[in-house]
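Comments concern the structure below.
Chain naming here is simple, since letters A, B, ... match the order of the sequence lines and numbering starts at 1 in each. Note that the structure is predicted; figures quoted are calculated from it, not measured.
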There are 2 protein chains.
Amino acid sequence: MTGQVLPFEQPDPLGSVRARRSQPPGKARGILQRGEHLFHAGENIESPHLIIAGVLKSYVTDENGEECIIGFHMPGDVVGFEPLVGRKTYCSTMALDTTKVLPLPHLGSPEPDTVNRPDLMTEMYREILRLVHLLQMDRGSTEGRVARFLLDYSELQAQRGCSRRSFVLPMARYDLARYLGLATETVSRVLSRFRDRGWLSVDNNHITIHEPASLLGTAGGPASGVSSDLQ
Amino acid sequence: MTGQVLPFEQPDPLGSVRARRSQPPGKARGILQRGEHLFHAGENIESPHLIIAGVLKSYVTDENGEECIIGFHMPGDVVGFEPLVGRKTYCSTMALDTTKVLPLPHLGSPEPDTVNRPDLMTEMYREILRLVHLLQMDRGSTEGRVARFLLDYSELQAQRGCSRRSFVLPMARYDLARYLGLATETVSRVLSRFRDRGWLSVDNNHITIHEPASLLGTAGGPASGVSSDLQ
DNA sequence: CGACAACTTGAAAAGAATCAATTTTTGTGG
DNA sequence: CCACAAAAATTGATTCTTTTCAAGTTGTCG
């Protein structure tokens with residue numbers, strides 16, 4: 001368990017960044033390149049991971065081989081709760097960009113490193129809220145889903161001190177579609193429609209919002225109690 | 001067990017719920033009648049509750065006043081994790097039938113009453129699995145969703161020692177529709193279609209499955225890793 | 001028995017997926 | 001740095017599914 005066998009699942013109980021290892025693969029240092037997996041579904045993972053930088057997506061694969069994306073994860077999020085309950089992961093988690101993660105100690109540590117240890121139960125609860133929010137989004141209209149997603153993302157950016165109006169989406173249209181339960185063509189069309197109405201500009205993955213109020217109306221009002229609890 | 005603590009209406013530390021004082025005596029004993037709420041969204045609840053008997057639904061209400069049902073809860077399930085993380089409930093929970101619940105102690109009890117205290121972290125994780133399963137179901141075809149629901153319910157019945165082939169659905173078509181993200185008419189139609197193909201019989205809420213294999217095919221194969229983890 | 005609610009069924013309309021073709025972007029090697 | 005190939009994104013036309021609207025029918029409970 002605590003043996004140092006596997007590269008990237010290394011528990012690293014103290015959370016000490018063993019970054020100084022000059023091993024070529026960044027995986028051992030908690031660095032993932034775009035397209036690399038942090039977890040594969042069904043895997044036995046060593047510990048939950050806190051995301052330090054970058055973005056990841058979590059997904060399960062349906063019977064047609066299509067991804068059902070259940071979440072995008074940003075810095076501050078925790079992924080991989082399974083060690084807390086003695087389970088294998090139910091989903092795969094892949095970096096959408098160069099990403100840095102930190103394995104979290106999770107078994108009764110005598111000296112809690114409070115700074116780097118978010119309350120894991122609270123994190124699990126946030127995961128529930130996230131899923132409920134997604135579920136609710138899934139029930140709305142197509143335009144509503146896209147609008148809601150953009151507004152949520154915009155809000156996240158703002159919370160990170162970035163612009164609420166102008167940002168770059170880290171995921172491809174395919175990912176967005178798989179997250180929102182739509183066809184990629186539909187996502188593309190809705191974005192074009194929003195653009196044609198003057199609500200936003202689209203330059204590949206760079207979005208600039210011009211009329212948040214219109215998006216808000218389409219999304220069905222301000223973020224619900226569920227989503228506002230997200231942060 | 002730990003009978004000292006109180007039924008969730010008793011406390012009312014903020015005086016918010018004082019209104020319904022001399023209400024049904026059953027509620028104070030953890031008994032809910034059909035249509036009664038265990039929680040209301042936004043409420044500060046005292047403790048998680050273990051369901052002893054009956055069925056409940058949890059839902060959030062969207063901007064159109066429609067329910068988005070996020071779960072049906074059966075005996076053995078735990079609802080109301082918010083006290084563990086110091087939050088208010090994000091959803092409402094209503095009994096679909098006469099239901100008995102047991103408030104669970106959740107703050108560091110020195111002498112854990114192990115028998116009646118399921119591991120709450122595990123319960124929260126199960127909630128996550130449930131939601132992911134629902135999300136995945138939401139992405140499938142209409143017939144697939146209904147078929148999957150029936151098979152899941154059938155399996156639950158079997159686990160409780162009841163017939164896997166013949167059972168009574170405790171929820172109305174409306175609830176089913178709100179759970180599956182469909183119009184009630186569509187649920188009705190799909191059931192009729194299944195009946196016409198000879199896959200099952202429908203007598204109001206009494207379902208008898210004749211061809212589980214056909215339903216399985218429509219549902220897109222056996223329950224995924226996610227759902228099979230549910231129990 | 002009667003009134004109301006729940007459920008079923010039908011026809012029409014709306015919406016998104018699919019199929020198909022371009023266009024744009026990205027990545028690679030010369 | 002450019003050219004080319006491959007991948008991603010956009011757009012259009014069509015088809016298919018589900019919702020919506022509108023009756024009916026059945027069931028429940030006083």
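Atom CG in Leu176(A) sits roughly 10 Å away from atom P in dT10(D) (whole-Å rounding). Between Leu191(B) atom CG and dT9(C) atom C1' there is a gap of 13 Å when expressed in whole angstrom units. Atom CZ of Arg178(B) and atom P of dA6(C) are 14 Å apart (whole Å). One can place CG of Asp196(B) at 12 Å from C1' of dT8(C), the figure rounded to the nearest angstrom. The distance between atom CG of Asn64(B) and atom C1' of dT19(D), rounded to the nearest whole Å, is 14 Å. In this entry the distance linking OH of Tyr174(A) with P of dA8(D) reads 10 Å, nearest Å. To the nearest angstrom, C1' of dA5(C) lies 14 Å from CG of Asp175(B). For the pair Asn205(A) CG and dT26(C) C1', the computed distance is 12 Å after rounding to whole Å.
Remark: the backbone N or O of Thr184(A) is not paired with any side-chain donor or acceptor of Thr186(A) at under 3.5 angstrom. Put simply, the side chain of Arg139(A) gets close to the backbone of Arg178(B): a donor and an acceptor are under 3.5 Å apart. Between the side chain of Asn204(B) and the backbone N or O of His206(B) there is no donor-acceptor pair closer than 3.5 Å.
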Problem set entry | Contact pattern, 5' to 3', of nucleotides 24-30 of chain D - B, S or - by protein heavy atom under 4.0 Å | ----S--

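Helix bend of the helix from dC1(C)-dG30(D) to dG30(C)-dC1(D): the angle between its two end axes, each built from five pairs, comes to 50° after rounding to 10°.
Under the salt bridge (charged side-chain N to carboxylate O under 4.0 Å, His left out) criterion, no residue pair touches residues 203-214 of chain B, with sequence neighbours excluded.
Using a 4.0 Å heavy-atom distance criterion, Ser188(B) is classed as a base contact. Across all strands, Arg195(A) comes closer than 4.0 Å only to sugar-phosphate atoms, never to a base (heavy-atom distances).
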Considering only nitrogen or oxygen atoms on both sides, find all protein atoms under 3.5 Å from nucleotides 13-17 of chain C and state each distance.
from	atom 1	to	atom 2	distance (Å)
dA16(C)	OP1	Thr142(A)	N	3.3
dA16(C)	OP1	Thr142(A)	OG1	2.1
dA16(C)	O5'	Thr142(A)	OG1	3.3
dA17(C)	OP1	Ala183(A)	N	3.3
dA17(C)	OP2	Ala183(A)	N	3.4
dA17(C)	OP2	Thr186(A)	OG1	2.2

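Between Ser192(A) and dT11(D) there is a side-chain polar atom (N or O) within less than 4.0 angstrom of OP1 or OP2.
No side-chain donor from either of His40(B) and Thr89(B) sits under 3.5 Å from a side-chain acceptor of the other. There is no side-chain donor-acceptor pair under 3.5 Å between Tyr90(A) and Glu82(A).
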Exercise. Can Thr93(A) and His37(A) be said to form a side-chain hydrogen bond (donor to acceptor under 3.5 Å, both in side chains), step by step?
Worked result: CA-CA 6 Å; Thr93(A) 302; His37(A) 277 85; over 6 Å; no

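The aromatic ring centres of Tyr153(A) and Phe167(A) sit less than 6.0 Å apart. Taking the six-membered ring where the residue is Trp, the centroids of Phe81(B) and Tyr125(A) are separated by 6.0 Å or more.
Remark: Arg165(A) pairs with Ser163(A), Thr208(A), His210(A) by the side chain to side chain contact (heavy atoms under 4.5 Å, CB included) rule, at least two apart or across chains. With sequence neighbours excluded, the residues satisfying side chain to side chain contact (heavy atoms under 4.5 Å, CB included) with Asp175(B) are Lys57(B), Glu67(B), Ile69(B), Phe72(B), Leu96(B), Met171(B), Ala172(B).
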